[in-house]
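Since the structure comes first, as structure tokens, the remarks are kept for the end.
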Amino acid sequence: MLRTHILGTGFVVGEHLVKNDSLAKVMDTTNDWIKERSGIEQRYYVEKGTATSDLGAQAARKALADAKVAPGEVDYIVFATMTPDYYFPGCGSLVQAKLGLPMVPALDIRQQCSGFVYGLQVSDALLRSGQAKTLLLVGAEVHSGFMPWDDAQFDLLFDKPGGKAPTAAQREWNTRFRDRTVLFGDAGAAVVLRASEGEGGVLGFKLHADGAPFDQLYVPSCGFANRPYTSDVDFKEGRHIPVMNGKGVFKMAVLRLPEVIREVCAEHHVTVQDIDMLILHQANLRISELVQRSLELPDAKVYNNIQKYGNTTAATIPIAYDECRRAGRVKKGDLVCFASMGAGFHWAAALMRE
């Protein structure tokens, strides 16, 4: 049977490491407060001027080198992100140009934290139908663009000359958004895909969406439900920063993720206990722990790295998979499950045999 295989992986992170204690310089928070709620210990932010497509292109070069595939062999790009360089165009064509690829198709998708799994399904369909032969799937994010800090405060976080502590009013403003801003980091990851006969490969997917509770996690401005789609008032009120009902999203995630994992396993006639490695989207370590407990999987079968990178949205799963490959946590014949839930709401799971 013709199945999609991952030939190579690679990822990059933002240029600046920012630990939890550093965030206390710009808002009221502590290392303990962040770790208790999310498990995160640090994250990376890009230097000003580094865009999502830059991270995507850098990660793609690493994945192509790992796969021993020349850039000119790529004949399709699928790019998943919720933080594109521009409202339009998407990042896919920008990566095509930055890599110097032929004028191949470039598809952008917007499933936020479920972007990689949705993108993998689209890529699998393109490859097995013969519409593509060598496909580059990229997930990348520059979340630092919606942080409420000015340049002087970023310089303070980065220990750069020109760093300046916020005023009392600025600190109060920054603290208003701390439940979201402490969660995110900047990173890009990529995988090189081909379809071939033989053992292993992508087995299948289960994907769902429900737009009814969309306002539990969304960005109120910067969209064409508004006229104009962005304004000074939006920026002054912080409406360009995501709104999140943290408790509601948490409850949905710990319900939907185990459900969809069980669904994809049942459809492919395996049990949850047959999974050798579960790689969840890295949104919150507490979510991952509860999902693991619900599925009754041991620590050795679940991989978490949110402690090091924070939530990097579409990049989290391919980063974790790259680390598992390189550390020998997945080996030939292993059953790997990817699962994610993100704004929209979208949730999904995929099974793959190494």
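When side chains are defined from C-beta on, Met27 counts as touching Thr181, because their heavy atoms get closer than 4.5 Å.
In summary, the side chains of Tyr309 and Glu323 do present a donor paired with an acceptor at a separation below 3.5 Å, with no hydrogens or angles considered. Checked by atom type, the side-chain pair Glu259/His208 shows no donor-acceptor distance below 3.5 Å. Defined by atom type and a distance below 3.5 Å, a donor-acceptor pair is present between the side-chain atoms of Gln153 and Asp150. A side-chain donor from one of Glu15 and Thr50 sits under 3.5 Å from a side-chain acceptor of the other. Using modelled atom types, one finds no donor on one side chain facing an acceptor on the other under 3.5 Å when comparing Asp75 with Thr134. If you check the side chains of Arg262 and Ser294, you find a donor sitting under 3.5 Å from an acceptor. Judged purely by distance below 3.5 Å, without hydrogens or angles, the side chains of Gln42 and Asn20 never pair a donor atom with an acceptor atom. For Thr83 and His143, the side-chain atoms include no donor-acceptor pair closer than 3.5 Å. Using modelled atom types, one finds no donor on one side chain facing an acceptor on the other under 3.5 Å when comparing Asn304 with Gln292.
Atoms CD and CZ, from Gln111 and Phe116 in turn, are 13.5 Å apart once rounded to the nearest 0.5 Å. Between the CG atom in Leu23 and the OG1 atom in Thr30 there is a gap of 10.5 Å [rounded to 0.5 Å]. To the nearest 0.5 Å, atoms OH (Tyr44) and NZ (Lys308) are separated by 8.0 Å. Separation of atoms CE (Met277) and CZ (Arg329) is listed at 4.0 Å; rounding is to 0.5 Å. Note that OH of Tyr86 is 7.0 Å distant from OG of Ser53, once rounded to the nearest 0.5 Å. The CG atom of Asn31 sits 5.0 Å away from atom CG of Asp21, with the distance rounded to the nearest 0.5 Å.
In this structure, Lys62 places its NZ atom where only 12 or fewer heavy-atom neighbours from other residues, nucleotides or ligands lie under 6.0 Å away. Surrounding NZ of Lys251 are at most 12 heavy atoms belonging to other residues, nucleotides or ligands under 6.0 Å away. Heavy-atom neighbours of Glu199 CD from other residues, nucleotides or ligands within 6.0 Å: at or below the threshold of 12. At most 12 heavy atoms of other shown residues, nucleotides or ligands fall within 6.0 angstrom of atom CZ in Phe88. Gln273 CD: more than 12 foreign heavy atoms inside a 6.0 Å radius.
Distance alone, capped at 3.5 Å, places no donor-acceptor pair between the Arg194 side chain and the Ile6 backbone. Looking at Ser129, its side chain does come within 3.5 Å of a backbone N or O of Leu126 through a donor-acceptor pair. Between the side chain of Asp186 and the backbone N or O of Gly14, no donor-acceptor pair lies under 3.5 Å.
Asn226 and Arg239 make their closest contact through OD1-NH2, 4.3 Å (heavy atoms, listed as atom of the first residue, atom of the second, distance). In this structure, Val78 and Ser123 approach most closely via the heavy-atom pair CG2-OG, 3.7 Å. Taking both residues in full, the closest heavy atoms of Gly56 and Phe79 are given as CA-CE1, 4.2 Å, listed atom of the first, atom of the second, then distance. Nearest heavy atom pair, residue Thr9 against residue Arg326, reads O-NH2, 3.0 Å. Of all heavy-atom pairs between Leu183 and Ser38, the closest is CD2-CB, 3.8 Å. Summarising the geometry of Ala349 relative to Val264, their closest heavy-atom pair is CB-CG1, 3.9 Å, with the distance given to 0.1 Å.
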#### Entry: Test salt bridge (charged side-chain N to carboxylate O under 4.0 Å, His left out) applied to Asp32 and Lys35, step by step
CA-CA 5 Å; Asp32 289 343; Lys35 284 182 64 176; 5.9 Å; no
Evaluate the salt bridge (charged side-chain N to carboxylate O under 4.0 Å, His left out) criterion for residues Asp334 and Arg353: first the C-alpha distance (whole Å), next the side-chain angles of each, then the deciding distance (0.1 Å), finally the verdict. CA-CA 6 Å; Asp334 280 357; Arg353 183 73 69 180; over 6 Å; no
field: Steps toward salt bridge (charged side-chain N to carboxylate O under 4.0 Å, His left out) verdict (Arg171, Asp28)
entry: CA-CA 7 Å; Arg171 189 175 185 88; Asp28 293 340; 2.8 Å; yes
Using ring pair (Phe, Tyr, Trp, His ring centres under 6.0 Å), reason through Phe338 and Tyr321 one step at a time and then give a plain yes or no. CA-CA 9 Å; Phe338 304 126; Tyr321 178 65; 5.6 Å; yes
Evaluate the side-chain contact (heavy atoms from CB on, under 4.5 Å) criterion for residues His5 and Ser196: first the C-alpha distance (whole Å), next the side-chain angles of each, then the deciding distance (0.1 Å), finally the verdict. CA-CA 7 Å; His5 294 77; Ser196 62; 3.3 Å; yes
key: Steps toward salt bridge (charged side-chain N to carboxylate O under 4.0 Å, His left out) verdict (Arg37, Asp179)   = CA-CA 9 Å; Arg37 286 159 177 77; Asp179 61 319; over 6 Å; no
**Report entry** Worked check of side-chain contact (heavy atoms from CB on, under 4.5 Å) between Leu280 and Leu278
**Finding:** CA-CA 6 Å; Leu280 296 166; Leu278 173 62; 4.0 Å; yes
Does Thr230 form a side-chain contact (heavy atoms from CB on, under 4.5 Å) with His240? I'd like the steps, not just the answer.
CA-CA 8 Å; Thr230 189; His240 62 294; over 6 Å; no
message = Would Leu127 and Lys133 count as a side-chain contact (heavy atoms from CB on, under 4.5 Å) here? Give the steps.
response = CA-CA 6 Å; Leu127 289 162; Lys133 293 182 179 180; 5.6 Å; no
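Using a 4.0 Å cut-off between a side-chain N of Lys or Arg and a carboxylate O of Asp or Glu, Asp276 and Lys331 do not qualify as a salt bridge. Of the charged side-chain nitrogens involved, at least one lies within less than 4.0 Å of a carboxylate oxygen, so that Glu267 and Lys206 count as a salt-bridged pair. With respect to the salt-bridge test (charged N to carboxylate O, under 4.0 angstrom), the residues Glu47 and Lys160 qualify. Using a cut-off of 4.0 Å between Lys/Arg side-chain N and Asp/Glu carboxylate O, Lys164 and Asp155 are scored as not salt-bridged.
Hydrophobic clustering, with ILVMFWY side chains joined whenever heavy atoms are under 4.5 angstrom apart, keeps Tyr76 apart from Val69. Residues Val243 and Phe177 fall into different hydrophobic clusters, defined by Ile, Leu, Val, Met, Phe, Trp and Tyr side chains chained together at heavy-atom separations under 4.5 Å. A single hydrophobic cluster is not seen to contain both Leu203 and Val117; linkage of ILVMFWY side chains at heavy-atom distances under 4.5 Å, directly or through other members, places them apart. Val254 and Ile317 end up in different hydrophobic clusters when Ile, Leu, Val, Met, Phe, Trp and Tyr side chains are linked at under 4.5 Å. Criterion: ILVMFWY side-chain heavy atoms under 4.5 Å apart, direct or through other members. Under it, Val122 and Phe205 are part of a common hydrophobic cluster.
Note: Phe158 and Tyr45 have tilted aromatic rings, judged against thresholds of 30 and 60 degrees for the angle between ring planes. Ring geometry for Phe146 against Phe184 counts as perpendicular: the plane angle is over 60°, on a 0 to 90° scale with 30° as the lower cut. Taking the six-membered ring where tryptophan is involved, the planes of Tyr229 and Tyr87 are tilted, since the angle between them lies from 30° to 60°.
When each of Asp54, Thr312, Val46 is paired with Val142, the side-chain contact (heavy atoms from CB on, under 4.5 Å) condition holds for Val46 and for no other. Applying side-chain hydrogen bond (donor to acceptor under 3.5 Å, both in side chains) to Glu141 and the options Thr52, Thr81, Asn311 leaves one that passes, Thr81.
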